[in-house]
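Written below as structure tokens is the structure these notes are about.
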Amino acid sequence: MTRLFEDSEIPLAPGAVVLREFASGEELLPLIEAIAVAAPFRHLVTPGGHTMSVAMTNCGRLGWTSDRKGYRYSPLDPETGLAWPAMPEAFTRLAREAAERAGFPGFAPEACLINRYAIGAKLTLHQDRDENNYDHPIVSVSLGVPAVFQFGGTKRTDPLKRVTLYHGDVVVWGGEARLAYHGIQPLKEATHPLTGACRLNLTFRKAG
Ligand code: SIN
Ligand code: FE2
């Protein structure tokens with residue numbers, strides 16, 4: 001995959017920006033592996049009874065989870081009954097620095113959802129609205145195989161922008177973009193030297 005020229009910051013909308021190659025995968029990937037030993041990736045079931053194609057786990061004081069009863073943040077991993085693994089300092093720092101670069105200083109997330117996409121996995125268009133308030137941005141880190149990110153407005157029918165997210169890219173959306181619809185198109189066949197045929201995503205939120 002070649003990119004002919006590089007813009008280090010790509011605006012998506014007022015309050016939303018892609019920061020190209022902002023994160024170091026080499027630093028983050030071993031931390032993700034250690035988290036997944038304690039809190040294994042799993043395919044959650046939605047309230048509608050659909051098993052998600054993306055496998056998920058969490059670190060931090062709160063973790064996002066779903067079952068037939070609904071979506072929620074929980075301090076315990078329902079799979080193990082234990083607290084989620086602690087959020088590594090490198091994660092907290094990265095999230096704070098990315099948010100600050102995007103114009104949201106002082107971001108202190110206590111929830112980090114870790115998404116793992118195999119080839120073909122997707123995340124349909126949705127809003128992040130399970131948090132207690134929307135004053136804080138979302139910081140989303142892409143690692144491994146590239147994926148097409150869709151980003152729209154606050155109505156599902158608003159026009160979508162599409163941008164390919166590469167290893168190390170970070171997207172931040174907050175302020176008037178906080179409730180923008182977004183999603184990931186089915187992951188196209190590819191491999192990345194550090195992750196193989198897989199994409200990982202870290203999504204940082206202030207949830208409680
Ligand atoms: C999300 O919408 O929570 C994750 C998006 C992504 O995987 O980039
Ligand atoms: Fe989301």
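Order of appearance sets the numbers: ligands from 1, and atoms from 1 within every ligand. None of the values given here were measured: they were computed from a predicted structure.
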**Request:** Apply the test salt bridge (charged side-chain N to carboxylate O under 4.0 Å, His left out) to residues Glu110 and Arg205: give CA-CA distance (whole Å), side-chain angles for both, the deciding distance (0.1 Å), then the verdict.
**Result:** CA-CA 7 Å; Glu110 82 287 77; Arg205 302 185 180 91; over 6 Å; no

**Request:** Please test Ser142 against Arg199 for side chain to side chain donor-acceptor pair (under 3.5 Å), starting from the C-alpha separation and ending with a verdict.
**Result:** CA-CA 7 Å; Ser142 293; Arg199 170 177 188 262; 2.7 Å; yes

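At most 12 heavy atoms of other shown residues, nucleotides or ligands fall within 6.0 angstrom of atom CD in Glu189. Within a 6.0 Å radius of CZ in Arg101, other residues, nucleotides and ligands contribute 12 heavy atoms or fewer.
Between Tyr181 and Gln150, the side chains place no donor N or O within less than 3.5 Å of an acceptor N or O (distance only, hydrogens not considered).
The Fe ion (ligand 2) sits nearest to atom OD1 when only the N, O or S atoms of Asp128 are considered. For His126, the N, O or S atom closest to the Fe ion (ligand 2) goes by the atom name NE2. Taking the Fe ion (ligand 2) as reference, His182 places its N/O/S atom NE2 nearest.
Look at Ser142 and you'll find every heavy atom at least 4.0 Å from all atoms of ligand 1.
Neither the backbone nor the side chain of Val171 has a heavy atom within less than 4.0 Å of ligand 1. At a heavy-atom distance under 4.0 Å, only side-chain atoms of Arg205, from C-beta outward, approach ligand 1.
Salt bridge absent: Arg178 and Asp128 never bring a charged side-chain N and a carboxylate O closer than 4.0 Å.
Annotation for ligand 1: atoms under 4.0 Å from non-hydrogen atoms of Tyr117 are 5 (C), 6 (C), 7 (O). Every atom of ligand 1 is numbered from 1 in the order shown, and the set under 4.0 Å from a heavy atom of Thr203 is 3 (O), 4 (C). Shown in contact with Asn201 at under 4.0 Å from a heavy atom are these atoms of ligand 1, numbered in order with element: 4 (C), 6 (C), 7 (O), 8 (O). Set against the non-hydrogen atoms of Arg199, the atoms of ligand 1 under 4.0 Å away are 6 (C), 7 (O), 8 (O). Annotation for ligand 1: atoms under 4.0 Å from non-hydrogen atoms of Ser140 are 8 (O).
No N or O atom of Trp173 sits closer than 3.5 Å to an N or O atom of ligand 1.
Between Phe149 and His182, the ring planes are tilted. Angles from 30° to 60° get that label.
Using a 4.5 Å cut-off on side-chain heavy atoms (C-beta onward), Leu19 and Asp169 make no contact.
Taking atom 1 (C) of ligand 1 as the reference point, the nearest protein heavy-atom neighbour is Leu123 CD2, 3.5 Å.
For Arg116 and Phe41, the positive end sits near the middle of the six-membered ring, less than 6.0 Å away and at most 45° from its axis.
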